[in-house]
Structures are given as structure tokens and as C-alpha cells.
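Below, chains carry the letters A, B, ... as their sequence lines are ordered, and counting in each starts from 1.
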Amino acid sequence: MQKSKNEIDFFEMVYQVVRLIPKGRVTSYGAIAQYLGTARSARMVGWAMNAAHNKKPKVPAHRVVNRIGMLSGKNHFETPFKMQELLEKEGIKISKDQIKNFKKHFWNPTIELAL
DNA sequence: CGATTGACGTACG
DNA sequence: TCGTACGCCAATC
């Protein structure tokens, strides 16, 4: 069904934000949710990611983790190691599925895209 | 239509 | 500091 083109699907908005994440940076589901105005629905961001597998260009979902920087969604990738591998390739160190200096690599769309 | 689930987050003990 | 409980909201069973 056709609806107003002015309004973009929630999922697509998530994908756009994720694609805007600079290389070597990461963000959290909550941060994206907050940027979209659905701060209380961080889970919806996760749901959007679940559908991101078929999206093109491919969504760098590996740059999106939970608030503590843990690769909670690695299990949803092609291989659980793919996510960590990609992040390490971008210069991010990971230990026990947890990003080191996560706060340092954190990229907040609400701040970066607000300007 | 009701109950369960989920790539989360915050609050509480 | 760590573990558990609860809330949110949409999709799925």
C-alpha cells in the first residue's frame, strides 16, 4: 500500500543512521532509538537489524552494539566471529565479545547528526 | 485476539 | 560490582 512518501519506514531510518556510522566507530541501539525519538524502544532497533540482512547496501550492523559495547548480536551474523573480525579490522579491539574503550569509540548520532 | 519473544535499557537489592 | 526483575513496543506464534 502506498503511504506518504514523506514518511520513511522506521527500519529504513535505522539503516540510514547505521550507514552514517564512521569507520572505526560504534554506537548503541539505545542511541539510535533516542535519535529516532523512540528511546524507550531500543528493542525495535534490534528488530530492524534483524531485517537488515537483506538490505542493500549492506548495513554495517557490526558497528551497532548494546550500551555496554558487547557484541550481543554477533549470533545473528553469518558467523559469530564475523562481527568481531570486522570491528577489529577497523581498529577496534575486542575482548570476550566486549569492545575495549567502547566509550572512546562510541559514536552518538544524537550529537554528531544534531548539528 | 491473547501470549510469547527479542541484536535493549534502567532500576533495584 | 554483579545478578535479577521489570518495562517498552512491534512482530510472531
Quickly work out the [X] [atom1] to [N] [atom2] distance and round it to whole Å.
{"X": "A:Phe106", "N": "B:dG9", "atom1": "CZ", "atom2": "P", "answer": "9 Å"}
{"X": "A:Asn50", "N": "C:dA10", "atom1": "CG", "atom2": "C1'", "answer": "12 Å"}
{"X": "A:Phe10", "N": "C:dA11", "atom1": "CZ", "atom2": "C1'", "answer": "13 Å"}
{"X": "A:Leu36", "N": "C:dC8", "atom1": "CG", "atom2": "P", "answer": "19 Å"}
{"X": "A:Phe11", "N": "C:dA11", "atom1": "CZ", "atom2": "P", "answer": "6 Å"}
{"X": "A:Gln98", "N": "B:dA7", "atom1": "CD", "atom2": "C1'", "answer": "16 Å"}
{"X": "A:Ile32", "N": "B:dA7", "atom1": "CD1", "atom2": "P", "answer": "15 Å"}
{"X": "A:Met44", "N": "C:dT12", "atom1": "CE", "atom2": "P", "answer": "11 Å"}

How about A:Pro60 and A:Ile21: do any of their side-chain heavy atoms sit closer than 4.5 Å?
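No, their side chains stay 4.5 Å or more apart.
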Are side-chain heavy atoms of A:Met49 and A:Phe11 found at a separation under 4.5 Å?
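A side-chain contact is absent here, since even the closest heavy-atom pair is not under 4.5 Å.
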Over all strands shown, is [X] touching base, sugar-phosphate only, or nothing at heavy-atom distances under 4.0 angstrom?
{"X": "A:His62", "result": "nothing"}
{"X": "A:Ala48", "result": "nothing"}
{"X": "A:Thr38", "result": "nothing"}

Which of the following nucleotides, B:dG9, C:dA10, C:dC8, is nearest to the side chain of A:Arg40?
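Closest of the options to the side chain of A:Arg40: C:dC8.
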The side chain of A:Ala42 is closest to which nucleotide in this list: B:dG6, B:dA7, B:dG9?
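So the nucleotide nearest the side chain must be B:dG9.
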Would you check, one step at a time, whether the test side-chain contact (heavy atoms from CB on, under 4.5 Å) holds for A:Val65 with A:Met83?
CA-CA 10 Å; A:Val65 294; A:Met83 189 174 186; 3.7 Å; yes
Stepwise side-chain contact (heavy atoms from CB on, under 4.5 Å) test for A:Phe106 and A:Ile99:
CA-CA 10 Å; A:Phe106 184 69; A:Ile99 299 175; over 6 Å; no
Running the 4.5 Å side-chain criterion over Ile, Leu, Val, Met, Phe, Trp and Tyr, what cluster does A:Ile111 land in, apart from itself?
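Grouped by the 4.5 Å side-chain rule, A:Ile111 forms a cluster of one, so the answer is none.
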Within the side chain of A:His62, is there an N or O that forms a donor-acceptor pair under 3.5 Å with the backbone of A:Glu85?
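It does not hold such a pair.
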Among residues 66-94 of chain A, which residues get a heavy atom nearer than 4.0 Å to DNA chain C?
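Per residue number, the list is empty: none.
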Looking at A:Glu90 and A:Arg63, does any basic side-chain N land under 4.0 Å from a carboxylate oxygen?
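Salt bridge present between A:Glu90 and A:Arg63.
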